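So the structure is just underneath, and the comments pick up after that.
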Amino acid sequence: MAPETIEPTAPPLRAPSPPPTDRPLHTLPAPFTSSNLEVLTQGAEALVYKSVFLTPHTPCVVKYRPPKPYRHPVLDRRLTKARLLAEARVLVRCKRDGVDVPGVLGADWEGGWLVLEWVEGKTVRGVLDGWAERGAGEKEGILGLMERVGLAVGRLHEIGVCHGDLTTSNLMVRVPEKKAEVQEQNDELEGDIVLIDFGLASHSTQNLQDEDRAVDLYVLERAFAATHPKAEPLFKDVLSAYGESFKGARAVLKKLEDVRLRGRKRSMLG
Amino acid sequence: MIALGLEGSANKIGIGIISHAPSKPPVILANLRHTYNSPPGEGFLPKDTALHHRAWVVRLIKQAIRQARITIPDIDCICYTKGPGMGAPLQSVALAARTCALLWDKPLVGVNHCVGHIEMGRSITGAENPVVLYVSGGNTQVIAYSANRYRIFGETLDIAIGNCIDRFARTLMIPNDPFPGYNVEQLAKKGRHFVELPYAVKGMDASFSGILAAADVLAKGLDESLPEEKRLRTEEGELVTREDLCFSLQETIYAMLVEITERAMAHVGSKQVLVVGGVGSNERLQQMMGMMARDRGGSVFATDERFCIDNGIMIAHAGLLEFQTGVATKLEDSTCTQRFRTDEVYVGWRE
């Protein structure tokens, strides 16, 4: 190794300025106009709006995947079309096989939109945050909720569907209908679990591997750990309900142990 | 307080000296680095890299101290990279750190390499609580801070993104100097045709090994000695070039990174992204990340190569933050480890 001159690096003067942050307005494709829409969330993939379907009293969700300016147009079209169609197909199958999901009312893969049934309720994430803020009590209610989460995910896996992005934000607790008007705090622990956002879902009747199911659970486990430190211990209750939910669930739990160990640079001690 | 930082987890040896004063921004007194480059078509081997670090560590420390205009008694602690990284280079630098600590009777602080990158990035850019994308030759992680830990939201399921780029550079016999990713980026700027490659995102995780394999197969079709009909062509029938493949690889894998980062931002509700690590110095990645952040009404923070690429300053900085909370590493515990998760570190210096 020949000695080379070492170039000293000077201290920085100031941070590089972040790029401008004024957000461009997405124009929605026909037949939607911005006037009858209310933005619900901006997910990673899609803008989600609340609108009405057929009658002014039937609320619905419009899920619009705008073109991503950072992606190469060829890649962008390919991903948008594949994901939108996959999502619609999986939702239809779930609905048919008795998994509680929002139904598909309409779709256009060139335009990048999907119209779905409205779900009245809160996300599990929101419910858990509220529960943690109230002091993490109400043992019975929260354990019941975790059990229903485990059963819902188990039913999904039983029919051969993997969610692909199973986080606590993608699980909703439906408000029991009769109580929609007068809601008490504990009620939010009572409703049915509805799975939403199947944008990364996959379905297969034969080939669905325990591996994919286990990765689903692993993603959910990390979502519990990452977002709600207080909710982390609850995940074992989700798993135990899942383990009873269908034939083959035990094998998935076994696989989950392998998946956990595979995270990179995980300590050799466990 | 002044800290000396020693970094050598991969093919760069970095020596940095930083000074912290209460309620003032940290001052960088010296930031020196020397890189071991292997010939084109080869990666750096641990034993050769360790030899390189051993050959350079003494003169770099001497020069850093001279440049900082300090004397040995001014130094409060010696920080070194405990892991993660390659074993042999880590050991050679840890040995140097222990030697200095005994020679000068200074406390030691073992630092997690990833936490070093994050803390340096935060300090340089002023980003308060960003989602961090840490991308380098050995690591690919999407990280967010919560309750005294840097928690990993998404990561690679197999090889690191930098490793994918470096190995593709080896396939095309692209030089390793100054670093393969830089040379791939320069070629990609001249690429015109987008060749489709696999796209592998699973939730907030990504996988790169299949893409590398596919790109390597495509690269075989570039060989000029092949008969005309066997050479790789676009759908329009034009010949695909090295530049096109570099361009397509970058477009695909960076789109994956931006996507998993965006998903993590949506999940934690953050509007800031901080990109750190060697691959973070790629201008195309910074540009794509900027477009994504702008669409979300947020902003992206990135640093230049002085702080993106492994350096001693980040180790000194993160080590000193930890030292100020009263934590030091005992001599008998001053080991190093190839496996050291980002979320194992208790971050006592943040609220």
Side-chain angles (χ1 to χ4, degrees), chain A residues 1 3-4 6-12 14-24 26 41-45 66 68-76 78-79 82 125 163-169 200 212 215-216 218-220 222-223 225-230 262-268, chain B residues 27-28 30-34 52 55 60 63 67 84 124-126 139 144 146-147 151-153 155-157 194 196 199 201-205 251-252 255 258-259 262-263 265-268 287-304 306-307 338-341 344:
Chain A
M1 265 155 278
E4 296 162 34
I6 306 157
E7 283 184 25
T9 20
R14 67 182 111 83
S17 52
T21 58
D22 42 321
R23 182 195 298 210
H26 285 289
T41 56
Q42 181 179 21
E45 296 268 302
K68 296 279 186 193
Y70 65 80
R71 264 199 305 241
H72 192 279
V74 173
L75 181 61
D76 192 55
R78 168 182 137 202
L79 292 176
R125 177 174 182 193
H163 187 281
D165 186 20
L166 204 55
T167 63
T168 45
S169 313
L200 286 173
D212 296 324
V215 170
D216 250 6
Y218 182 58
V219 169
L220 185 59
R222 283 207 316 212
T227 358
H228 331 281
K230 272 188 188 166
R262 215 169 32 203
R264 286 188 104 232
K265 310 229 162 116
R266 203 164 266 296
S267 150
M268 293 300 274
Chain B
V27 179
I28 293 164
N31 183 13
L32 302 178
R33 173 167 60 218
H34 197 269
H52 167 267
L60 283 175
Q63 181 168 346
Q67 194 187 328
I124 292 282
T125 61
N139 293 280
S146 157
R151 291 176 196 270
I152 302 169
F153 274 65
E155 63 190 317
T156 174
L157 297 170
F194 180 73
E196 293 208 29
Y199 187 93
V201 165
K202 269 191 181 187
M204 288 189 232
D205 294 330
E251 289 299 309
T252 305
V258 176
E259 181 180 342
E262 183 167 21
R263 190 158 294 132
M265 285 168 80
H267 189 71
V268 301
Q287 185 193 27
M288 287 165 78
M289 203 59 89
M291 288 193 243
M292 179 274 284
R294 191 194 57 206
D295 261 20
R296 303 191 64 80
S299 48
V300 60
F301 295 87
T303 54
D304 60 29
R306 288 170 304 177
F307 305 103
Q338 284 151 286
R339 291 164 187 267
F340 190 4
R341 298 274 295 176
E344 280 173 48

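Quick note on labels: first sequence line is chain A, next is B, and so on, each numbered from 1. The shown structure was predicted, so the numbers you read here are calculated from the model rather than taken from an experiment.
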Hey, which of D165(A), T41(A), D216(A) has the most heavy atom pairs under 4.5 Å with chain B?
-> D165(A)
Residue from M291(B), K202(B), E262(B) scoring the most non-hydrogen pairs under 4.5 Å with chain A is E262(B)
Rounded to the nearest 0.5 Å, what separation is found between the CD1 atom of I152(B) and the CZ atom of R222(A)?
-> 7.5 Å
Taking only residues two or more places apart in sequence, or in another chain, which ones meet A255(B) in a side-chain contact (heavy atoms from CB on, under 4.5 Å)?
-> Y70(A), R71(A), L75(A), Y199(B), M288(B)
Among E196(B), E251(B), M265(B), M292(B), residue most engaged with chain A (heavy-atom pairs, under 4.5 Å) = E196(B)
Is the closest side-chain heavy-atom distance between M204(B) and T167(A) below 4.5 Å?
-> yes
Check whether any side-chain heavy atom of E259(B) lies under 4.5 Å from a side-chain heavy atom of K68(A), and answer yes or no.
-> no
Whatever's closer than 4.5 Å to a heavy atom in chain B on L166(A) counts as neither
